[in-house]
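Written out below as structure tokens is the structure these notes cover.
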Amino acid sequence: MSRKISGFLVAVGAFMIFEWVNLGFNLADGHPTGFYVVHGILIAVNLVLAVVLAVIGWKGLRGKRTT
């Protein structure tokens, strides 16, 4: 994997973590319980996906280069 793609994956992972944590803190009160359950699941799944992408990118950046 190229360094450019690896850096992109790390950046996407960091952006997704920021975006979904921010959404979690900005959920307004007054919605039915189902709203919070669905958004909680969305946040959890996307945070896991973000961490996986960031780890793959980080391993690509730190991996040995063979040319």
Side-chain angles (χ1 to χ4, degrees):
M1 177 178 337
S2 71
R3 291 185 62 80
K4 188 183 229 183
I5 293 172
S6 298
F8 176 74
L9 289 177
V10 171
V12 167
F15 173 76
M16 287 176 66
I17 290 170
F18 170 76
E19 177 186 12
W20 286 100
V21 169
N22 191 30
L23 174 70
F25 283 118
N26 288 330
L27 289 176
D29 292 333
H31 293 284
T33 304
F35 175 85
Y36 294 110
V37 170
V38 168
H39 282 82
I41 292 170
L42 283 172
I43 290 168
V45 168
N46 278 288
L47 286 176
V48 169
L49 181 61
V51 168
V52 168
L53 289 176
V55 167
I56 290 170
W58 183 256
K59 285 183 179 182
L61 284 174
R62 304 305 279 167
K64 290 184 179 179
R65 292 289 199 220
T66 57
T67 57

Would you say [Y] ends up clustered with [X] if hydrophobic residues are merged whenever their side chains have heavy atoms under 4.5 Å apart, either directly or through other cluster members?
{"X": "Phe15", "Y": "Leu23", "answer": "no"}
{"X": "Tyr36", "Y": "Phe25", "answer": "yes"}
{"X": "Val45", "Y": "Phe35", "answer": "no"}
{"X": "Val55", "Y": "Leu9", "answer": "yes"}

Any side-chain heavy-atom pair of Val21 and Leu47 under 4.5 Å: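 Counting from C-beta outward, Val21 and Leu47 do come under 4.5 Å.
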
Quick one: [atom1] on [X] to [atom2] on [Y], what's the gap to the nearest 0.5 Å?
{"X": "Ser6", "Y": "Leu53", "atom1": "OG", "atom2": "CG", "value": "11.5 Å"}
{"X": "Ile5", "Y": "Ile56", "atom1": "CD1", "atom2": "CD1", "value": "12.5 Å"}
{"X": "Ile17", "Y": "Leu49", "atom1": "CD1", "atom2": "CG", "value": "10.0 Å"}
{"X": "Ile43", "Y": "Leu27", "atom1": "CD1", "atom2": "CG", "value": "5.0 Å"}

Over 12 foreign heavy atoms within 6.0 Å of CZ, Phe18: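 No - once you tally the heavy atoms of other residues, nucleotides and ligands closer than 6.0 Å, there are 12 at most.
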
Phe8 atom CZ, neighbour heavy-atom count above 12 within 6.0 Å: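 At most 12 heavy atoms, drawn from other residues, nucleotides or ligands, come within 6.0 Å of this atom.
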
